[in-house]
Amino acid sequence: MTVLDVRGLTKGFTMHHLGTQMGAFEDISFALQAGEFLLLKGKNGAGKSTLLRTLYRSYLSQGGEILFHSDHGVIDLARAADVDVSFLRRTEIGFVTQFLTARPRVSAQDLVAEPLRLAGQEPTEALRAARHWLYTFGVKEELWAAYPTTFSGGEQQKVNLARALILPQRLLLLDEPTASLDVHARAALVERLGELKAQGTAMIGVFHHPGDVAALIDREIDLTPNAFQDEDRKDVAI
Amino acid sequence: MMDAPQIVKTRPLLIARNVSKRYGAVQALQDVSASVYPGEVLGIVGESGSGKSTFLRCLNLEEDPDHGSYTLDLPDVQGNLFDLDRYARRMLCATRIGIVYQNPHLGLLMKHSSSGNVAERLLIAGERRFGVLREKARDALDASEFPLDRMDAPPIELSGGMQQRVQLAKAIALEPALLLLDEPTTGLDVSVQALVLDTLKKLQQERKITMVIVSHDLGVIRTLSDRVMVMKGGQVVEEGLADQVFQDPQHAYTQQLVHAKL
């Protein structure tokens with residue numbers, strides 16, 4: 001079952017103060033099936049994160065289509081109304097980064113439970129699930145009711161993963177979620193991604209160390225322009 | 001230009017179309033249009049003189065545009081609201097629209113008690129029972145995180161942050177369908193600003209209030225808004241999802257604004 005069908009997608013940035021255009025990627029096409037895991041490769045600046053953000057509509061594309069097969073029919077995310085994109089972000093499309101957007105005076109467990117509450121789950125049940133995932137990612141129990149604004153980077157990252165992965169989505173965009181994660185949390189993350197994949201979540205990911213998720217990868221796309229001409233260096237992560 | 005909504009079937013609560021206003025030689029607003037969906041927060045950014053506050057005053061029916069239309073999708077509210085007479089406007093504003101101004105003097109009677117300021121809203125709407133008035137005023141002040149032991153102090157004796165909380169309590173006392181915020185935290189200390197923003201965020205999440213917030217401060221807009229509209233010289237130059245406008249601004253003016261942010 002197709003989840004995403006990207007056709008001829010092109011993205012560049014116009015920098016008005018310089019009067020210049022900077023291309024990011026051009027004419028990218030691929031399809032993604034339910035439960036499929038796609039790895040984006042390419043050296044720094046090849047446009048991997050830019051592609052993820054374009055699919056999420058944080059960036060506007062300049063050409064092509066992003067046909068997302070939602071529960072409510074096929075919709076072109078490149079042109080969809082803002083309200084539709086907002087709705088899909090709450091219900092079907094997730095974006096996982098390594099950074100937590102902490103909010104003042106919102107506890108770690110409330111932050112993690114929020115996607116479930118917004119999806120209509122009963123609050124005590126959502127809180128129970130939130131605690132389960134905080135535990136799974138290795139956040140110390142003393143911190144669950146505390147405010148993550150003051151947490152260390154590592155702890156914030158775990159809270160972020162718990163929140164981002166608590167609600168199974170149809171499409172999950174992963175922007176280096178394993179970067180700087182400790183061994184235990186990384187194992188928990190890989191296990192959770194495997195579980196979601198088995199449930200049919202389609203995933204597109206950028207990983208500094210793709211080895212972390214090697215077992216999950218079904219397919220790779222190299223975004224480096226003229227990729228074959230580049231030297232093969234083992235000391236540079238792709 | 002994006003497609004019309006295809007999944008979300010609810011109608012916008014607020015639709016303003018081609019709102020224009022001229023003051024002498026100055027075109028303050030030129031065909032400004034906006035839609036806001038129920039529970040959504042629309043942020044409007046722009047520098048002084050961009051027309052953003054004029055537009056907000058039009059939405060609060062305190063300013064008459066030269067032309068344009070404005071509708072709210074509410075039971076018993078029909079037609080172009082700009083055509084309403086003074087009495088109907090006053091009732092609509094008192095019962096359905098709340099506003100918080102940058103300058104508390106515009107929104108509050110500075111020498112009356114804070115609770116009295118909030119209760120005044122309820123009085124206009126027809127509530128006469130003293131017990132109910134006091135009870136509802138207390139609830140609204142509490143929801144705005146105002147210290148209740150000071151509810152009888154007049155705003156003139158309060159700090160700037162507290163005055164904004166009284167304005168907010170007054171604005172939400174009648175559970176308005178629409179909350180308008182005009183630079184609600186400008187001029188406050190940074191730490192106080194964060195607390196007031198936090199209260200607004202919390203209220204918005206708990207009550208799903210539809211909001212339009214105007215500010216020149218991108219941080220404020222970014223914190224609260226789902227969608228952003230950028231104004232310059234009385235016109236809308238760009239609009240989109242908040243993260244998109246801030247991460248991938250399209251218009252030269254928006255790029256300049258975003259890059260100038262610390």
Side-chain angles (χ1 to χ4, degrees), chain A residues 11-20 22 24 49-50 52-62 65-93 95 97 101-106 110-111 114 117-118 123 147 149, chain B residues 1-13 34-42 145 191 193-202 204-206 208 222-229 237-260:
Chain A
K11 172 65 187 163
F13 298 91
T14 305
M15 293 179 287
H16 290 285
H17 64 294
L18 299 175
T20 55
M22 189 182 77
S49 293
T50 301
L52 289 183
R53 288 178 195 171
T54 306
L55 297 175
Y56 197 60
R57 250 281 282 286
S58 292
Y59 288 172
L60 293 181
S61 58
Q62 278 147 346
E65 293 173 306
I66 307 168
L67 302 176
F68 177 66
H69 295 241
S70 81
D71 275 341
H72 308 268
V74 180
I75 184 164
D76 181 1
L77 296 176
R79 304 181 43 88
D82 292 335
V83 273
D84 282 344
V85 175
S86 290
F87 175 83
L88 289 171
R89 287 175 177 185
R90 282 198 303 275
T91 53
E92 298 189 40
I93 304 175
F95 195 103
T97 65
T101 313
R103 286 207 304 270
R105 294 193 299 156
V106 179
D110 284 342
L111 210 54
E114 191 177 75
R117 285 204 314 272
L118 289 176
Y147 306 143
T149 11
Chain B
M1 202 54 209
M2 296 301 166
D3 293 337
Q6 168 184 336
I7 296 177
V8 174
K9 304 284 189 219
T10 37
R11 281 174 302 185
L13 168 74
S35 309
V36 190
Y37 285 79
E40 195 178 39
V41 181
L42 174 70
E145 304 186 276
S191 60
Q193 182 174 26
L195 290 174
V196 172
L197 279 181
D198 188 27
T199 300
L200 283 170
K201 183 100 198 164
K202 212 167 128 191
Q204 207 281 327
Q205 289 213 328
E206 282 166 7
K208 304 271 175 275
R222 191 198 292 259
T223 307
L224 290 173
S225 312
D226 300 306
R227 226 151 34 82
V228 171
M229 202 160 101
V237 297
E238 179 164 358
E239 63 177 307
L241 290 164
D243 58 319
Q244 183 259 299
V245 172
F246 288 120
Q247 291 181 39
D248 188 18
Q250 305 292 305
H251 192 276
Y253 177 68
T254 317
Q255 291 190 357
Q256 190 189 321
L257 267 186
V258 170
H259 294 147

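In what follows, chains carry the letters A, B, and so on, assigned in the order in which the sequence lines appear, proteins first and then strands, with residues in each chain numbered from 1. Predicted, not measured: the structure shown is a model, and the values here were computed from it.
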Quick check: does any side chain N or O of A:His16 sit under 3.5 Å from a backbone N or O of B:Gln250, one acting as donor and the other as acceptor?
-> yes
Is there a donor-acceptor pair under 3.5 Å between the side chain of B:Gln6 and the backbone N or O of A:His72?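 No: the side chain of B:Gln6 does not pair with the backbone of A:His72.
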Residues at least two apart in sequence or cross-chain that pass salt bridge (Lys or Arg N to Asp or Glu O under 4.0 Å) with A:Arg90, listed by chain then number, are none
Is it the side chain or the backbone of [X] that comes within 4.5 Å of chain A heavy atoms, both, or neither?
{"X": "B:Asp226", "result": "neither"}
{"X": "B:Ala252", "result": "both"}
{"X": "B:Gln247", "result": "both"}
{"X": "B:Lys9", "result": "neither"}
{"X": "B:Thr199", "result": "both"}

With only heavy atoms counted, which part of [X] is less than 4.5 Å from chain B, the side chain, the backbone, both or neither?
{"X": "A:Val85", "value": "side chain"}
{"X": "A:Tyr59", "value": "both"}
{"X": "A:Arg89", "value": "side chain"}

*Option that, when pairs with chain B are counted at under 4.5 Å, heavy atom only, ranks first among A:Asp84, A:Asp71, A:Val83*: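 The option with the most such pairs is A:Asp84.
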For chain A, find which of B:Ser35, B:Gly240, B:Pro5 contributes the most heavy-atom pairs closer than 4.5 angstrom.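 Result: the option with the highest number of such pairs is B:Pro5.
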Minimal heavy-atom distance between B:Ala4 and A:Ala81, with the atoms involved, is C-CB, 4.0 Å
Find out whether A:Val106 and B:Gln205 are in side-chain contact, i.e. whether some heavy atom of one side chain is under 4.5 Å from a heavy atom of the other.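 Not touching, per the 4.5 Å side-chain cut-off.
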Any side-chain heavy atom of B:Met2 sitting closer than 4.5 Å to one from A:Leu60?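 Sidechains of A:Leu60 and B:Met2: in contact.
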_Please report the interatomic distance CD1(B:Ile7) to CG(A:Leu88), rounded to the nearest 0.5 Å._
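Taking CD1 in B:Ile7 and CG in A:Leu88, the distance rounds to 4.0 Å.
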How would you list, by chain and number, every residue that makes a ring-ring contact (aromatic ring centres under 6.0 Å, His included) with A:Tyr56, sequence neighbours excluded?
->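 With sequence neighbours excluded, A:Tyr56 shows a ring-ring contact (aromatic ring centres under 6.0 Å, His included) to A:Phe95, given in chain and number order.
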The residue among A:Lys11, A:Arg53, A:Arg57 that forms side chain to side chain contact (heavy atoms under 4.5 Å, CB included) with B:Asp248 is A:Lys11
